[in-house]
Amino acid sequence: MRPLVAIVGPTATGKSDAAVDLARRFDGEIVNADALQFYRGMDIGTAKLLEADRRGITHHLLDIMDISGEASVATFQQQAREAIAGIQERGRLPILVGGSGLYVRAVIDELEFPPTDRAIRRRLEAEASANGIAGMRRRLAVADPVAAARDLDERRLIRALEVHELTGRPFSSYMPRRDYRQPTLQLGLDIERELLHARVAQRVHTMHEAGLLAEVESLAARGLRETRTASRAIGYAQFLEVLEGTSTIEQATESTTVATRRFARRQLTWFRADPRVRWFDAADPDLSRMLAVTVQEFEASSGT
RNA sequence: GGCAGAUUUCCCGAGUGGCCAAAGGGGGCUGACUGUAAAUCAGCUAGCAUCGCUUUCAUUGGUUCGAAUCCAAUAUCUGCCA
């Protein structure tokens, strides 16, 4: 069975293209691990690869959801693992690509998501907004001192209480480990900060020229404003304001650029924390070859 | 040319004699993060060093025990009158 290759790193470093390159060289198929690229119709703003740029390579888990849907790591975990297994059965190389750290992790590591319950969640959220979270913090300190000691933010605090209530098991007992469930190679793409910022600005500019506003407008007609996840996507949230008339195109472009920079920084923080990632300079003209060599060596050594 | 006003740390912007390295916001940086993750949250942001010290609030020179804060001159900008 062939190993799993994952391409990670901040946005605008060329992960998608690098993945297509590798897929062509090693007879691979690509599995998307970018939470917002699941949504149909969110193309320009998510920098989804155009059909032509996919160069005949099969892409999985792209356009699998309506914007009204809510992406869920747990669901994605299962779908992605199935897709990967299928690719491997076909004797091809699975290449997981995405900048959503948790989503990548959910696929490659031994990770189990405790269940969720809408009613419990809603009740806890209502309680938090009505009484504040101090009391809930105290409750968690009793139910799950380990999790409480981590000083969780409100959202996670609620989740921890939900898990405890639902499973009787402390949330902290589901603590993550870095533990690949199959031979995996994580390739990280990074780039000098100044260059990254320039690329981000360029990209947002290009998105606008490619018709992002029109895309947002047509999604708005399909209820984008009412969605919980899709409406918050970078670029979409900002251009929705243009449609509302509360922001100009210039302002939206600027704030989208800023939000993207911050996003890239957070992605970097996430992936840097994983010592297993092998990093490459995305601006290196020789990148494509270096990635290929690394994959080749890895596949040879992982004994296929 | 005359009169009036402005000049603050990367940016915007508070501060009108000691509690000011200077509020707040933005930006930047760092980090956390197992069911919203392009989300959510936290910390740092003059310099050097452990309390502390050094250099900052246009520039120069004053007043004062003490100045971002008061005075004078200069520079630049803005408004009104020519």
Side-chain angles (χ1 to χ4, degrees), chain A residues 8 10-12 15 32-39 42 44-48 65 67-79 98-118 120-122 124-125 128 133 137 144 147 149-164 166-167 169-179 193-194 196-197 200-201 203-204 207 212 226-240 251 254-274:
Chain A
V8 302
T11 191
K15 295 189 293 296
N32 165 247
D34 192 315
L36 272 300
Q37 292 196 7
F38 299 156
Y39 294 103
M42 295 177 77
I44 297 170
T46 63
K48 208 178 277 171
M65 218 183 277
I67 52 167
S68 61
E70 274 178 36
S72 145
V73 208
T75 308
F76 168 73
Q77 177 182 55
Q78 192 195 340
Q79 292 174 317
S100 310
L102 177 60
Y103 280 61
V104 171
R105 186 103 185 268
V107 175
I108 66 179
D109 276 334
E110 214 57 76
L111 232 74
E112 170 200 5
F113 291 94
T116 185
D117 183 287
R118 258 200 133 75
I120 293 179
R121 179 74 68 90
R122 222 175 276 152
L124 290 168
E125 283 171 354
I133 58 167
R137 224 173 256 292
D144 184 354
R150 290 167 68 209
D151 202 21
L152 305 170
D153 60 55
E154 179 170 338
R155 205 183 267 190
R156 274 177 266 269
L157 176 68
I158 289 173
R159 171 66 178 151
L161 287 169
E162 177 196 15
V163 169
H164 180 256
L166 200 56
T167 67
R169 232 175 103 186
F171 185 52
S172 54
S173 71
Y174 294 91
M175 281 296 115
R177 290 165 297 153
R178 294 191 201 289
D179 189 6
R193 192 59 62 96
E194 213 173 309
L196 176 70
H197 288 181
V200 165
R203 180 146 110 161
V204 173
M207 283 177 179
L212 180 57
E226 287 72 47
T227 66
R228 197 186 196 187
T229 305
S231 65
R232 298 198 188 169
I234 295 175
Y236 296 84
Q238 290 78 3
F239 276 80
L240 267 177
Q251 289 169 332
E254 174 60 21
S255 57
T256 298
T257 304
V258 169
T260 306
R261 283 204 297 259
R262 298 166 69 112
F263 172 48
R265 211 185 305 140
R266 270 179 281 131
Q267 290 176 300
L268 223 28
T269 300
W270 178 285
F271 292 116
R272 275 196 296 225
D274 189 339

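The sequence lines fix the lettering, A, B, ..., with proteins before strands; numbering per chain opens at 1. Side chains are part of it too, since the values below use all heavy atoms of this structure and drop only hydrogens, waters and symmetry mates.
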Starting at the 5' end of RNA chain B and moving along, which residue's nearest nucleotide shows up first, A/Ser72 or A/Arg155?
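It is A/Ser72, whose closest nucleotide lies nearer the 5' terminus.
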
How do A/His197 and A/Ser100 order along RNA chain B: which one's closest nucleotide is nearer the 5' end?
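Checking each residue's closest nucleotide, the 5'-ward one belongs to A/His197.
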
Any side-chain N or O of [X] less than 4.0 Å from the OP1 or OP2 oxygen of [N]?
X: A/Arg266; N: B/rC33; answer: no
X: A/Arg118; N: B/rG35; answer: no
X: A/Arg193; N: B/rU30; answer: yes
X: A/Arg261; N: B/rG28; answer: yes
X: A/Arg262; N: B/rG27; answer: yes
X: A/Arg272; N: B/rG31; answer: yes
X: A/Arg265; N: B/rC29; answer: yes

Taking [atom1] from [X] and [atom2] from [N], how many angstroms apart are they, rounded to a whole number?
X: A/Asp153; N: B/rA39; atom1: CG; atom2: P; value: 13 Å
X: A/Tyr103; N: B/rC33; atom1: OH; atom2: P; value: 18 Å
X: A/Tyr236; N: B/rA39; atom1: OH; atom2: P; value: 14 Å
X: A/Asp274; N: B/rA32; atom1: CG; atom2: P; value: 12 Å
X: A/Gln79; N: B/rG35; atom1: CD; atom2: C1'; value: 13 Å
X: A/Leu157; N: B/rA32; atom1: CG; atom2: C1'; value: 15 Å
X: A/Ile133; N: B/rU40; atom1: CD1; atom2: P; value: 15 Å
X: A/Asp151; N: B/rG43; atom1: CG; atom2: P; value: 9 Å

Measuring only the P atom in each nucleotide, how far is B/rC19 from B/rG52? A whole number of Å is fine.
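Their P atoms lie roughly 14 Å apart.
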
Of all the nucleotides listed (B/rG35, B/rG28, B/rA38), which has the minimum atom distance to the side chain of A/Val258?
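Among B/rG35, B/rG28, B/rA38, the one nearest the side chain of A/Val258 is B/rG28.
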
Select one nucleotide: of B/rG35, B/rC33, B/rA39, the one nearest the side-chain heavy atoms of A/Arg156.
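So the nucleotide nearest the side chain must be B/rC33.
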
Side chains of [X] and [Y], heavy atoms from C-beta outward: is any pair under 4.5 Å?
X: A/Thr46; Y: A/Asp34; answer: no
X: A/Met65; Y: A/Tyr39; answer: yes
X: A/Trp270; Y: A/Gln267; answer: no
X: A/Gln238; Y: A/Gln251; answer: no

Would you call A/Glu125-A/Arg122 a salt bridge at under 4.0 Å N-O?
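Judged by the 4.0 Å cut-off on N to carboxylate O distance, A/Glu125 and A/Arg122 do not form a salt bridge.
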
